[in-house]
Amino acid sequence: MTDSSHAEFRIVGGHPALDLVNTVTPRVRGGSVQHDYLTSPAELVAWARRTGLIDLRDYSAVEGTWRSSPELATKALHATLEIREAAYDVFAPRAAGAVVAADGVKHSEGSAFERLMLRWSAAAARSMLIPEAGRESGIAELVVGTSPAQLIPDRLVVAAVELVRGVELRQLRACPVDDGGCGWLFLDRSRNGSRRWCAMEDCGTRAKIRKLGERRRATGVHRPQG
């Protein structure tokens, strides 16, 4: 993560569905939210472009559609946030190091799967199989997001369902809140499975500095005054 007062932050999830989950900090179900990076359609489309979910042509189509029909932009933002929270409810309980606050998961797990499936079904209805000649494998390409108005949530929910179906649970982790982390989810693809923090440059470094300060206070060691 980065300072929550900044609009930009590290993309650390290793998958679009987890990057979406990580647009809230800290990420603790039932806990207080310090910052939500997706509070407007403009923030959503900028985030989607930055993460690579959409390219420049997609961006122009989405932005133009939303500008001419603000109600469609609001609808897409609402759909995206519903997908985000459903994805968190599905992945967080299975992520090593994740923390669920005392009041528990906001929705039941069954409801989270149902919400994802309803959004996925709608996205599938707006998708197309486009035949392509000269392919080395397969006959056609599945194009998700044929409607600019719902392109971003459609692609996100398809990505989320794909991750639900294929995630290697041993790789699914959460930046440890109990040790000063932010709770963001990520896939640990390190060779020895030793990644602990969303980003060592952020939460990892702050945790080390905090622990060093605690040790110094415990042993009575103080920094010299400049």
Side-chain angles (χ1 to χ4, degrees), residues 11-33 36-39 41 43-44 47-48 51-54 72-129 142-147 149-177 181-189 193 198:
I11 306 300
V12 301
H15 190 280
L18 301 184
D19 292 330
L20 175 63
V21 165
N22 295 343
T23 56
V24 168
T25 184
R27 235 330 169 179
V28 182
R29 170 60 77 215
S32 61
V33 174
D36 187 332
Y37 293 93
L38 301 182
T39 61
E43 289 179 336
L44 173 58
W47 172 85
T51 60
L53 184 74
I54 60 175
L72 295 179
T74 300
K75 184 178 179 181
L77 177 62
H78 173 78
T80 298
L81 298 183
E82 182 177 78
I83 293 163
R84 179 180 73 180
E85 298 312 308
Y88 181 72
D89 287 347
V90 168
F91 292 118
R94 296 165 173 82
V99 173
V100 176
D103 57 352
V105 174
K106 186 176 182 180
H107 302 278
S108 70
E109 184 176 272
S111 173
F113 279 108
E114 182 179 355
R115 283 176 284 140
L116 285 180
M117 282 306 303
L118 287 173
R119 291 292 180 186
W120 178 88
S121 296
R126 288 188 287 265
S127 300
M128 295 179 63
L129 274 175
L142 177 64
V143 178
V144 177
T146 59
S147 169
Q150 290 292 311
L151 186 152
I152 292 175
D154 281 359
R155 289 188 180 173
L156 286 169
V157 75
V158 168
V161 170
E162 288 177 350
L163 187 61
V164 167
R165 294 179 61 237
V167 64
E168 293 187 38
L169 291 178
R170 63 182 178 82
Q171 294 183 345
L172 185 59
R173 296 180 179 273
C175 189
V177 172
C182 62
W184 282 7
L185 305 185
F186 59 88
L187 295 177
D188 177 9
R189 295 192 177 104
C198 65

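Every value quoted in this text rests on a predicted model; they were computed, and no experiment measured them.
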How would you list, by chain and number, every residue that makes a side chain to side chain donor-acceptor pair (under 3.5 Å) with [X], sequence neighbours excluded?
| X | answer |
| --- | --- |
| Gln150 | none |
| Arg155 | Asp58 |
| Thr39 | Glu43 |

Please give me the minimum heavy-atom distance between [X] and [Y], naming the atom from each residue.
| X | Y | result |
| --- | --- | --- |
| Val157 | Ala123 | CG1-CB, 3.8 Å |
| Pro26 | Val24 | O-CG1, 3.8 Å |
| Val12 | Phe186 | O-CB, 3.4 Å |
| Ala17 | Leu163 | CB-CD2, 4.2 Å |
| Glu85 | Arg115 | C-NH1, 4.2 Å |
| Cys198 | Cys175 | N-SG, 3.4 Å |

Please report the interatomic distance [atom1]([X]) to [atom2]([Y]), rounded to the nearest 0.5 Å.
| X | Y | atom1 | atom2 | answer |
| --- | --- | --- | --- | --- |
| Leu20 | Leu38 | CG | CG | 6.5 Å |
| Ile11 | Trp47 | CD1 | CH2 | 7.0 Å |
| Trp184 | Thr23 | CH2 | OG1 | 8.5 Å |
| Leu116 | Ser111 | CG | OG | 9.5 Å |
| Leu151 | Leu53 | CG | CG | 7.5 Å |
| Asp36 | Arg84 | CG | CZ | 4.0 Å |

Tell me, please, which residues at least two apart from Ala174 pass side-chain contact (heavy atoms from CB on, under 4.5 Å).
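Testing Ala174 for side-chain contact (heavy atoms from CB on, under 4.5 Å), a comparison that skips the adjacent residues, returns Ala95, Ala98, Leu185.
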Just distance, no hydrogens or angles: give the donor-acceptor pairs under 3.5 Å from side chains in residues 72-81, sequence neighbours left out.
{"from": "Thr74", "atom 1": "OG1", "to": "Pro70", "atom 2": "O", "distance (Å)": "3.3"}
{"from": "Thr80", "atom 1": "OG1", "to": "Ala76", "atom 2": "O", "distance (Å)": "2.9"}

If a pair satisfies salt bridge (Lys or Arg N to Asp or Glu O under 4.0 Å) and one of its residues is in residues 165-177, list it, with sequence neighbours excluded.
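Sorted pair list: Glu168-Arg170, Arg173-Asp188.
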Check whether any side-chain heavy atom of Asn22 lies under 4.5 Å from a side-chain heavy atom of Tyr37, and answer yes or no.
no
Side-chain ([X]) to main-chain ([Y]) donor-acceptor, under 3.5 angstrom:
| X | Y | result |
| --- | --- | --- |
| Arg189 | Gly14 | yes |
| Arg94 | Leu169 | no |
| Asp19 | Gly13 | yes |

Pair Asp154, Ser127 - check side chain to side chain contact (heavy atoms under 4.5 Å, CB included), show working.
CA-CA 9 Å; Asp154 281 359; Ser127 300; 6.0 Å; no
Go through Val167 and His15 one step at a time and tell me if the side chain to side chain contact (heavy atoms under 4.5 Å, CB included) criterion holds.
CA-CA 10 Å; Val167 64; His15 190 280; over 6 Å; no
